[in-house]
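To start, the structure itself, in structure tokens.
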Amino acid sequence: VRAFAINSDNTVNADFTSSTLSSAKGTRSTVKRAPNNPSFDTSVFPTSIPAGTPEKPASGDNYGTYKITSGGTYSNLKGTYYISAPNQTVTISSMTNQNETLYIMPNTNVVLTSDPGLTTSVITIDAGATLTCNSGLQIQSSSKLYNRGTFVCNGTFTYNLSSVYNNGVFSVTKLESSGDGNSSGFYNY
């Protein structure tokens, strides 16, 4: 392990060519092994919307399982959502912060306009899909973010006691994590 200073232009000049001696000979560490790549797991990335899934109602405060199949602005999301609006943008202005599941299906663009501070929730971003968070995003308390598309966070992305599984484009302004190494993880495949 070596430390290098961050330059004033936010670059780092790192030189690993010289050898160093370890002064911590009595110290041992373990590395948490990344789980198998979930990119092709249809339980994480559904291949279709289940038959009989109703369209999200225009109004109401209903908790349940819904689909969103056309672009536009949606609010008061509660529950599980299959979002499949190819080549359209779905804007989510508000949602509850607990027990949410968003399946963003291929070629769909989703924009979160505010940070709901998700707990015990799941977000999947399928190949060709994009999730953009305009004001940051925090996931916590066993939440999971699965990405094999494009995830963009124009602010701080924080995962607390949660996991990120990335097998796509992951672009954030600032990345933060808290929680111990057994409860939080960022797995980049």
Side-chain angles (χ1 to χ4, degrees), residues 34-51 53 55-56 65-177 184-189:
N36 291 333
N37 187 339
S39 287
F40 300 103
D41 184 348
T42 56
S43 68
V44 174
F45 293 98
T47 56
S48 63
I49 298 172
T53 302
E55 195 75 34
K56 176 174 178 349
T65 300
Y66 299 101
K67 64 183 176 182
I68 296 175
T69 57
S70 61
T73 300
Y74 296 85
S75 60
N76 298 324
L77 270 65
K78 291 182 175 184
T80 300
Y81 289 85
Y82 294 87
I83 304 173
S84 180
N87 305 314
Q88 299 178 56
T89 298
V90 173
T91 301
I92 299 172
S93 62
S94 64
M95 59 194 293
T96 61
N97 65 344
Q98 294 183 20
N99 304 317
E100 291 289 329
T101 301
L102 299 179
Y103 295 114
I104 304 170
M105 302 179 86
N107 305 313
T108 299
N109 299 314
V110 174
V111 176
L112 287 179
T113 60
S114 62
D115 178 5
L118 295 173
T119 61
T120 58
S121 296
V122 174
I123 297 175
T124 68
I125 307 160
D126 210 336
T130 301
L131 173 61
T132 303
C133 303
N134 284 342
S135 63
L137 179 64
Q138 182 178 59
I139 62 172
Q140 53 194 355
S141 301
S142 301
S143 291
K144 293 178 175 44
L145 173 72
Y146 297 94
N147 177 39
R148 65 179 184 186
T150 300
F151 176 78
V152 177
C153 186
N154 298 316
T156 301
F157 174 72
T158 307
Y159 59 104
N160 297 320
L161 303 172
S162 294
S163 298
V164 177
Y165 303 89
N166 181 56
N167 195 23
V169 175
F170 192 88
S171 175
V172 298
T173 303
K174 185 176 181 183
L175 179 66
E176 291 183 352
S177 173
S184 290
F186 187 99
Y187 307 104
N188 190 23
Y189 300 94

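What you see is a predicted model, and the numbers here were worked out from it, not measured in a lab.
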Legend entry - Test side chain to side chain contact (heavy atoms under 4.5 Å, CB included) applied to Gln140 and Leu161, step by step: CA-CA 6 Å; Gln140 53 194 355; Leu161 303 172; 5.8 Å; no

Inset, instruction - Test Leu137 against Leu145 for side chain to side chain contact (heavy atoms under 4.5 Å, CB included), laying out the working first. - result: CA-CA 11 Å; Leu137 179 64; Leu145 173 72; 5.6 Å; no

Inset, instruction - Indicate yes or no for a side-chain donor-acceptor contact from Asp115 to the backbone of Gln138 under 3.5 Å, with no hydrogens or angles considered. - result: yes

Inset, instruction - Let me see the working for Tyr74 and Ile83 under side chain to side chain contact (heavy atoms under 4.5 Å, CB included), right down to the final yes or no. - result: CA-CA 11 Å; Tyr74 296 85; Ile83 304 173; over 6 Å; no

Inset, instruction - Would you check if the side chain of Asn147 reaches a backbone N or O of Val169 as a donor-acceptor pair within less than 3.5 Å? - result: yes

Legend entry - Pairs flagged by ring pair (Phe, Tyr, Trp, His ring centres under 6.0 Å) wherever residues 98-140 is involved - sequence neighbours left out: Tyr82-Tyr103

Inset, instruction - Working to the nearest 0.5 Å, report the span between OG1 of Thr156 and NZ of Lys174. - result: 5.0 Å

Inset, instruction - Quick one: pull up SG in Cys133 and CZ in Phe157 and give me the separation to the nearest 0.5 Å. - result: 8.0 Å

Inset, instruction - To the nearest 0.5 angstrom, please state how far the OG atom of Ser75 sits from the NZ atom of Lys56. - result: 6.0 Å

Legend entry - Gln88 versus Thr69, closest heavy-atom pair with distance: NE2-O, 4.1 Å

Inset, instruction - Check whether any side-chain heavy atom of Thr130 sits under 4.5 Å from a side-chain heavy atom of Thr89, and report yes or no. - result: no

Legend entry - Shortest non-hydrogen separation from Ile104 to Ala129 and the atoms involved: CG2-CB, 3.7 Å

Legend entry - From Asn167 atom CG to Asn188 atom CG, the distance as rounded to the nearest 0.5 Å: 8.0 Å

Inset, instruction - Ignoring hydrogens and angles, state whether a donor on the side chain of Asn99 or Thr120 is under 3.5 Å from an acceptor on the partner side chain. - result: yes

Inset, instruction - Let me know which of Ile92, Thr132, Thr91 forms a side-chain contact (heavy atoms from CB on, under 4.5 Å) with Thr113. - result: Thr91

Legend entry - Pairing residues for Asn107 by the side-chain hydrogen bond (donor to acceptor under 3.5 Å, both in side chains) criterion, not counting sequence neighbours: none

Legend entry - Considering all heavy atoms, the nearest Gln98-Ser121 contact: C-OG, 3.9 Å

Inset, instruction - For the residue pair Tyr146 and Tyr165, categorise the inter-ring angle as parallel (less than 30°), tilted (30 to 60°) or perpendicular (more than 60°). - result: parallel

Inset, instruction - Enter the distance from Ile125:CD1 to Met105:CE here, rounded to the nearest 0.5 Å. - result: 14.0 Å

Inset, instruction - List in chain and number order the residues that pass side-chain hydrogen bond (donor to acceptor under 3.5 Å, both in side chains) with Glu100, two or more places apart in sequence or in another chain; answer none if no residue qualifies. - result: Thr96

Inset, instruction - Taking Ser162 for its side chain and Tyr159 for its backbone only, find out whether a donor-acceptor pair lies under 3.5 Å. - result: no

Inset, instruction - Locate the shortest heavy-atom distance separating Ala85 from Thr108; write the atom from each residue and the value. - result: N-OG1, 2.9 Å

Legend entry - For the student: nearest non-hydrogen atoms of Ser93 and Ser114, plus distance: O-OG, 3.4 Å

Legend entry - Intermediate values then yes/no, side chain to side chain contact (heavy atoms under 4.5 Å, CB included), Thr65 and Thr53: CA-CA 7 Å; Thr65 300; Thr53 302; 4.2 Å; yes

Inset, instruction - Could you tell me the separation between the OG1 atom of Thr150 and the CG atom of Asn109, rounded to the nearest 0.5 Å? - result: 9.0 Å

Legend entry - Shortest non-hydrogen contact between Asn76 and Tyr81, atoms and distance: O-OH, 4.2 Å

Legend entry - Heavy-atom check, side chain of Leu112 versus side chain of Leu131, under 4.5 Å: yes

Legend entry - Under 3.5 Å donor-acceptor, Lys144 side chain and Ile139 backbone: no

Legend entry - Among Tyr187, Phe151, Tyr189, the one residue meeting ring pair (Phe, Tyr, Trp, His ring centres under 6.0 Å) with Phe170: Phe151

